[in-house]
Amino acid sequence: MNYSPKFPVKWVKFMVMILSIVSTGIAAGWTDIPRLSPTRGIIMEDPDLLSSAAVSDDLQTCYYPQTLDHFNYQPQSYGTFQQRYVMNFKYWGGANNSAPILAYLGAESPLNVSLTAIGFLNDSAVSFNALLVYIEHRYYGKSIPFGSREEAFKNASTLGYFNSAQAIADYAEIIMHIKSKLRAFYSPVIVVGGSYGGMLASWLRLKYPHVALGALASSAPILYFDKITPSGAYYSVVTKDFREASESCYQTIRNSWSVIDKIASQPNGLSTLSMIFNTCKPLTKSSELKIALKNMYALAAQYNSPPRYPVTVICRGIDGANETQDILSKIFAGVVAYGNLSCYINQQTNESETTEGWRWQTCSEMVIPIGIGNGTMFQPAPFNLTSFIQHCKTIFGVLPRPHWVTSYYGGHDIKLILQRFGSNIIFSNGLRDPYSGGGVLENISESILAVKTVNGSHCLDIHAQTASDPEWLVKQRQTEVKIIRGWIAQYYADLKDILFKQ
């Protein structure tokens, strides 16, 4: 039976953007590390959030004169830039009651989308009587040093202040500023982040325990560095997701790569492939097509969330094609099912600030060695650190530091180290998320806890709750709230005991 999905115009507009970004990266020969984004799945469902967010009247936008360089005492380090943060006082119990503060740590994108997409804070605010704070990451959105994006991204010298250590120092400084300004000295702070922002939340708790009482780190692959996690873990999970959705779909995808190679090697083969996949312009090499397909499958798996379940959508398209059709026509049916466009694969687009920013971050410190091993539905493509380093050097003139994250934040022997050192961190993961392979999936101690769901996808637990949420997702969020409530109750008990003794 043919499956002919219908999509809103908003979804089609998003697919134009996303497939064109993918193909732009391919054309540039970019060594791909999939984006770490907590809101990308939400944008798929509502692309209008890209340009504007339906900001509530309860939100107050503020700017803080942030220090350019927290770790150096050269004269230029004392420069400042305006860093954006947003507050919501609607549910706050006030400083006199030492009511909690929930602080969202922005990831690698402008803050706008997060204000509506990251619903965990707003959904929890009433029960916690919490002040809500959302802080934008430096070099994204409106939090741009050096006066303009053009100057900030000018070269490696201006980009040198763009890293995670500076970012969590920013967050700590703003949180302390807010507490001082509101005289909320005893209000406990819980930091929340997803994906890269989840890494930042866990690292801030470890580096600045006096600033944050606890952290909820959603889909944070803090172990996907420095050979702690096998490089092929990401695409192994992608494969598992598709195979669980449909064995025949998995086999079709697995067998398609050699067919693409065979056709590409023939006279006029690229023209044939361009025609089969209705490309927006003629293919110049088969890798354009193969990488675009690979990234589509990865994106679908990473954000394989209800109610749409894009992996299932693609597989219905592939499996629903006429049985007499050739294998690539079936693959194209999956592409069309994912997003019905006028043309595919290589649309022309300008590079977004998020893509450019993430490229710098992966070329400096966020070296996540993702490759494709044997036994997946993809052609093997091991991560080549030498090639990656050379590519980054060509683009930015600097060398990546693949060991820095584990040197600065840790990661090796994490249970042995953190069970005696760290506390009050929730690592939440959905096992359908390819990045869960580099996440913390087992409890480290009584207060560093892993909360995982078999069917969850990337950062799903910190998205806004809906009436259609499955029961397992509702229970995951309830578990997280219960844990945080316990931290805060213990904090108040400790505070009361200390003040009583004074």
Side-chain angles (χ1 to χ4, degrees), residues 58 60 62 64 85-105 118-135 168-169 171-193 198 200-218 417-428 440 443-451 461-462 475-502:
D58 300 316
Q60 300 179 20
C62 308
Y64 178 75
Y85 66 97
V86 175
M87 297 191 292
N88 184 345
F89 290 89
K90 183 176 181 179
Y91 306 106
W92 193 39
N96 291 338
N97 295 317
S98 298
I101 298 171
L102 300 181
Y104 175 73
L105 309 185
I118 304 301
F120 182 88
L121 281 75
N122 197 63
D123 294 339
S124 304
V126 177
S127 62
F128 283 116
N129 294 323
L131 168 65
L132 305 183
V133 178
Y134 304 81
I135 312 175
I168 61 174
Y171 297 145
E173 190 166 317
I174 288 178
I175 290 169
M176 290 188 290
H177 164 73
I178 291 171
K179 292 185 70 173
S180 176
K181 184 178 179 180
L182 300 177
R183 302 189 65 79
F185 304 113
Y186 293 115
S187 290
V189 176
I190 305 296
V191 291
V192 179
L200 298 178
S202 65
W203 292 337
L204 188 146
R205 168 60 186 164
L206 294 174
K207 292 291 188 181
Y208 300 91
H210 58 291
V211 174
L213 172 68
L216 170 56
S218 175
I417 303 303
L418 289 192
Q419 67 178 341
R420 302 296 182 196
F421 163 66
S423 64
N424 293 5
I425 303 174
I426 299 170
F427 290 103
S428 64
V440 177
N443 293 346
I444 291 176
S445 68
E446 291 184 357
S447 69
I448 301 183
L449 303 170
V451 177
D461 58 317
I462 62 172
K475 288 183 176 179
Q476 181 184 17
R477 292 182 179 131
Q478 289 174 343
T479 298
E480 293 164 1
V481 168
K482 182 179 179 180
I483 292 168
I484 294 171
R485 195 177 301 283
W487 295 343
I488 293 174
Q490 184 61 59
Y491 169 82
Y492 285 145
D494 293 343
L495 177 63
K496 182 179 180 181
D497 185 54
I498 290 173
L499 295 179
F500 178 78
K501 289 180 179 178
Q502 290 179 349

>> Taking side-chain hydrogen bond (donor to acceptor under 3.5 Å, both in side chains) as the definition, give me every residue that meets it alongside S423, ordered by chain and number, with sequence neighbours left out.
In response: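 If we apply the side-chain hydrogen bond (donor to acceptor under 3.5 Å, both in side chains) test to S423, skipping adjacent residues, the hits are R205.
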Is any side-chain heavy atom of [X] less than 4.5 Å from a side-chain heavy atom of [Y]?
X	Y	answer
L206	F421	yes
Q419	I448	no
V133	I175	no
V481	D123	no
S218	E480	no
S428	L216	yes
L131	I178	yes

Shortest non-hydrogen contact from [X] to [Y]?
X	Y	answer
G214	W487	CA-CZ3, 3.7 Å
V440	A450	O-CB, 3.6 Å
Y64	I174	CD2-CG1, 3.7 Å
K179	S187	NZ-O, 2.9 Å
A172	L204	N-CD1, 4.1 Å
S98	P188	O-CD, 3.4 Å

Check for a donor-acceptor pair, side chain of [X] on one end and backbone N or O of [Y] on the other, with a separation under 3.5 Å.
X	Y	value
S180	H177	no
S447	N424	yes
Y208	I168	no
N129	W92	no
N88	K90	yes

Find the distance between [atom1] ([X]) and [atom2] ([Y]) and round it off to the nearest 0.5 Å.
X	Y	atom1	atom2	result
Y104	L132	OH	CG	13.5 Å
F120	I484	CZ	CD1	4.0 Å
D461	Q478	CG	CD	13.0 Å
L213	I190	CG	CD1	4.5 Å

> Sequence neighbours excluded, which residues qualify as salt bridge (charged side-chain N to carboxylate O under 4.0 Å, His left out) partners of D497?
Replying inline: K501
> With sequence neighbours left out, what residues match K475 under salt bridge (charged side-chain N to carboxylate O under 4.0 Å, His left out)?
Replying inline: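 Applying salt bridge (charged side-chain N to carboxylate O under 4.0 Å, His left out) to K475 gives E471.
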> Hey, is CZ on F500 packed in by over 12 heavy atoms from elsewhere, all under 6.0 Å?
Replying inline: no
>> Please determine whether the number of non-hydrogen atoms from other residues, nucleotides or ligands lying under 6.0 Å from atom OH of Y186 exceeds 12.
In response: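 No, the 6.0 Å shell around OH holds no more than 12 heavy atoms from other groups.
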>> Go through it in stages, so that I can follow the logic: the residues are L200 and Y171, the test is side-chain contact (heavy atoms from CB on, under 4.5 Å), and I'd like the CA-CA distance, side-chain angles, deciding distance and then a yes or no.
In response: CA-CA 9 Å; L200 298 178; Y171 297 145; 3.8 Å; yes
>> Does I483 form a side-chain contact (heavy atoms from CB on, under 4.5 Å) with V451? I'd like the steps, not just the answer.
In response: CA-CA 10 Å; I483 292 168; V451 177; 4.1 Å; yes
